[in-house]
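Beneath this line is the structure, given in structure tokens, with notes to follow.
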Amino acid sequence: MLIRVNLERVRPRADFFVEAASVVCEREPYSRYGFTLTRRNAEYLAECYFLLNDAYKAHRSRDGHKTLPSKIAAMTSLVVAVLNPLRPSKPPNKPNSDTLYANPMFAVRVAQSILGHDYIHCPFSRVKPFYDQFRNVNLPSLEPYILSIRRGREVGEEYCIELSSPEIALIDNRILLFTPD
């Protein structure tokens, strides 16, 4: 499926990502490592969100069906988990849980903000299994997109995305993860 996401759709969502990242990155331990989300990476996140969302809608949505917050949260957290957009400007000598889990934590934080949930502080050991679901996420249909980002693709170019059955199942499961009982 060939999809083009126009900049008018991308900009507001990129603004959301920039604002959410600033809240996360200005706090410890992320501020210690200088984590940031560049405007360009925010635009890629937004574009990727719409690419994934439009491709998924082609498989699951019916005309007139409204997008639910749980689906928005799931898609948003997945693109964060796949693109890993937060980068430290002052990385530690050896990776640690703060740096290894910055993007998974960001993925969960943006999903929580979409759902209107407050962030609950609890020991990392209790939430690590949950965050692990947002590490090393692989959506093969997005791999060519990620390679094109590395080559400097422009936001708004056409992109072909075909979701496989396992990818659709992963998205379905993430939607359920964020769906209230």
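These figures come from a predicted structure and were not determined experimentally. What you see below is based on every heavy atom in this structure, not just the backbone, and it leaves out hydrogens, waters and symmetry mates.
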Do M75 and V79 come within less than 4.5 Å of each other through their side chains, counting heavy atoms only?
-> no
Cluster question for you: counting only ILVMFWY and a side-chain heavy-atom cut-off of under 4.5 Å, with indirect links fine, are F134 and V23 together?
-> no
Could you tell me whether the side chain of V108 reaches within less than 4.5 Å of the side chain of S77, counting heavy atoms only?
-> no
The side-chain hydrogen bond (donor to acceptor under 3.5 Å, both in side chains) partners of D172 (sequence neighbours excluded) come to Y56, R60
Are any non-hydrogen side-chain atoms of S125 and K128 less than 4.5 angstrom apart?
-> no
Which pairs would a plain distance check flag for residues 137-144, meaning a side-chain donor or acceptor within less than 3.5 Å of a matching protein atom at least two apart in sequence or in another chain?
| unit_1 | atom_1 | unit_2 | atom_2 | d |
| --- | --- | --- | --- | --- |
| S141 | OG | E167 | OE1 | 3.3 |
| S141 | OG | E167 | OE2 | 2.9 |

Has the side chain of S148 got a donor or acceptor atom that lies under 3.5 Å from a matching backbone atom of R153?
-> no
Got a second to check how far L78's CG is from L52's CG, nearest 0.5 Å?
-> 6.5 Å
Work out which heavy atom in P85 is nearest to a heavy atom in L37; give both atom names and the distance.
-> CB-CD1, 3.4 Å
For residues Y44 and Y145, determine if any side-chain heavy atom of one lies less than 4.5 Å from a side-chain heavy atom of the other.
-> yes
Compile the donor-acceptor pairs under 3.5 Å between side chains in residues 10-18 and protein atoms, sequence neighbours left out, one pair per line.
| unit_1 | atom_1 | unit_2 | atom_2 | d |
| --- | --- | --- | --- | --- |
| D15 | OD1 | R39 | NH1 | 2.5 |
| D15 | OD1 | R39 | NH2 | 3.0 |

Could you pull out the closest heavy-atom pair between N41 and T38, with the gap in Å?
-> N-OG1, 3.0 Å
Cluster overlap L100 with L86, hydrophobic side-chain contacts below 4.5 Å = yes
What class does the angle between the rings of F130 and F178 fall in, given that below 30° is parallel, 30 to 60° is tilted and above 60° is perpendicular?
-> perpendicular
Nearest heavy-atom neighbours spanning A55 and I3 | N-CD1, 3.8 Å
Cation-pi between R27 and F35: NZ/CZ under 6.0 Å from ring centre and within 45° of the ring axis?
-> no
Roughly how far, to the nearest 0.5 Å, is the CD1 atom of I114 from the NZ atom of K71?
-> 11.5 Å
Measure the shortest side-chain to side-chain distance between V82 and C48 over non-hydrogen atoms and say whether it is less than 4.5 angstrom.
-> no
Taking atom types as modelled, is there a side-chain donor on S22 or E19 under 3.5 Å from an acceptor on the other?
-> no
Taking the side chain from T99 and the backbone from P95, do they hold a donor-acceptor pair closer than 3.5 Å?
-> no
Does a salt bridge link R4 with E47, judged by any charged N lying under 4.0 Å from a carboxylate O?
-> no
For the atom pair CD1 (I161) and CG (D54), what is the distance rounded to the nearest 0.5 Å?
-> 9.0 Å
Under 4.5 Å between any side-chain heavy atoms of R174 and I171, yes or no?
-> no
Starting at CZ of R9, measure out to CG of N53 and round the result to the nearest 0.5 Å.
-> 7.0 Å
Atom CG in N103, atom OH in Y131: separation rounded to 0.5 Å?
-> 12.5 Å
Taking atom CG of N173 and atom CD1 of I168, what is their separation to the nearest 0.5 Å?
-> 12.0 Å
